Asks: 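Please see the structure below; I have some questions.
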Amino acid sequence: MTSRTAPESLRAVQDLVNTLDVETGEDALTADGGPGAFLRAQGVAEPAPGRGEPAVLGELREALREVCLAHTAGTAVPAEAAGTLDRLLAAAPLVLAMAPDGGAALRPAPGLGAVAQFTARIAAGIAAAVADGTWVRLKACEAHDCRWVFYDRSPAGRSRWCTMAVCGSRAKMRTYRARRGRSESG
């Protein structure tokens with residue numbers, strides 16, 4: 001696990017949001033095999049044809065990206081993204097499953113379609129992350145041309161970029177150049 005890889009409970013969220021490379025426009029969900037390949041890699045059956053599930057997966061991805069951006073900025077989740085997530089999560093119910101050792105875990109309800117099943121798994125992961133305090137550390141890079149989702153492992157939990165070496169350095173250089181330009185023109 002790299003320092004920016006999310007804990008297991010949040011890995012599906014990170015994997016889904018990072019199917020789109022904002023900088024290049026490369027989208028694994030629209031590539032050949034798209035949602036089916038992604039869901040298979042997540043251990044979920046391929047979506048049924050003609051049910052609109054690929055579009056729902058893209059909608060889920062972008063709403064989760066907005067939540068991660070809110071985590072980065074320390075702001076409220078935009079109302080539209082919150083509404084989208086409320087609607088998608090309501091269509092992906094969870095059940096409490098008991099283990100033989102007395103433990104319990106949230107699981108997708110039986111009979112869900114592929115995307116709803118995946119969405120329910122994401123919901124269970126988010127619930128676990130909220131309970132252990134790790135949910136707000138899943139962030140999206142502040143750089144407008146990046147937006148890559150990363151897990152903030154910094155002690156203070158204030159990271160803003162996916163990497164200091166790339167996005168952080170670019171942002172600092174832009175700030176430096178802007179300050180320098182102002183001082184030279186003034």
Side-chain angles (χ1 to χ4, degrees), residues 1-22 27-72 77-78 80-141 147-153 162:
M1 168 172 21
T2 67
S3 64
R4 297 298 192 164
T5 302
E8 189 62 37
S9 62
L10 295 173
R11 190 91 33 85
V13 174
Q14 185 178 36
D15 290 348
L16 174 62
V17 178
N18 289 342
T19 58
L20 174 64
D21 184 327
V22 171
D27 185 349
L29 297 182
T30 61
D32 219 13
F38 173 76
L39 290 171
R40 279 192 306 278
Q42 295 291 319
V44 178
E46 200 162 322
R51 292 183 57 190
E53 289 190 319
V56 171
L57 200 54
E59 191 177 18
L60 176 63
R61 173 182 68 193
E62 295 313 312
L64 289 168
R65 184 185 317 278
E66 290 297 319
V67 172
C68 292
L69 281 167
H71 290 168
T72 305
V77 175
E80 186 177 343
T84 297
L85 285 174
D86 284 349
R87 178 176 47 80
L88 295 175
L89 294 171
L94 295 166
V95 295
L96 187 64
M98 299 303 294
D101 67 358
L106 292 172
R107 302 271 184 249
L112 296 176
V115 173
Q117 185 182 106
F118 178 70
T119 302
R121 287 176 49 194
I122 281 180
I126 291 171
V130 166
D132 69 17
T134 58
W135 174 230
V136 295
R137 286 186 171 257
L138 191 65
K139 299 179 176 184
C141 184
R147 302 297 197 227
W148 200 252
V149 168
F150 65 95
Y151 187 76
D152 182 357
R153 293 185 185 277
C162 60

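None of these values were measured; they are calculated from a predicted model. Both backbone and side-chain heavy atoms feed into the values below; hydrogens, waters and symmetry mates do not.
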Asks: Let me confirm one number: the CD1-CD distance from I122 to Q14, rounded to the nearest 0.5 Å.
Replies: 11.5 Å
Asks: Checking the side chain of R147 only, and the main-chain atoms of R65 only, is there a donor and an acceptor separated by less than 3.5 Å?
Replies: no
Asks: Answer whether the closest heavy-atom distance between the side chains of L112 and P93 falls below 4.5 Å.
Replies: yes
Asks: With heavy-atom distances below 4.5 Å as the criterion, would you say the side chains of R121 and V44 are in contact?
Replies: yes
Asks: Any chance you could lay out the side-chain contact (heavy atoms from CB on, under 4.5 Å) test for L20 and L29, step after step, and finish with the verdict?
Replies: CA-CA 8 Å; L20 174 64; L29 297 182; over 6 Å; no
Asks: Please check this pair: side chain of R107 against backbone of V95, looking for a donor-acceptor N/O pair closer than 3.5 Å.
Replies: no
Asks: So does C141 get a backbone contact from the side chain of T72, meaning a donor-acceptor N/O pair under 3.5 Å?
Replies: no
Asks: Can you name the one residue among L64, L39, T119 that meets side chain to side chain contact (heavy atoms under 4.5 Å, CB included) with L16?
Replies: L64
Asks: Under 4.5 Å between any side-chain heavy atoms of L85 and L60, yes or no?
Replies: yes
Asks: From W135 CH2 over to L10 CG, what is the distance, rounded to the nearest 0.5 angstrom?
Replies: 6.5 Å
Asks: Give a yes or no on whether the backbone of W148 and the side-chain of N18 come within a donor-acceptor separation of less than 3.5 Å.
Replies: no
Asks: Could you walk me through whether L106 and L96 pass the side-chain contact (heavy atoms from CB on, under 4.5 Å) check?
Replies: CA-CA 5 Å; L106 292 172; L96 187 64; 4.2 Å; yes
Asks: Calculate, to the nearest 0.5 Å, the distance between atoms CD and OG1 belonging to E62 and T84 respectively.
Replies: 10.5 Å
Asks: Would you find a donor on one side and an acceptor on the other, under 3.5 Å apart, between the side chain of R137 and the backbone of Y151?
Replies: no
Asks: Stepwise, does the side-chain contact (heavy atoms from CB on, under 4.5 Å) test hold for L88 with V56?
Replies: CA-CA 8 Å; L88 295 175; V56 171; 3.6 Å; yes
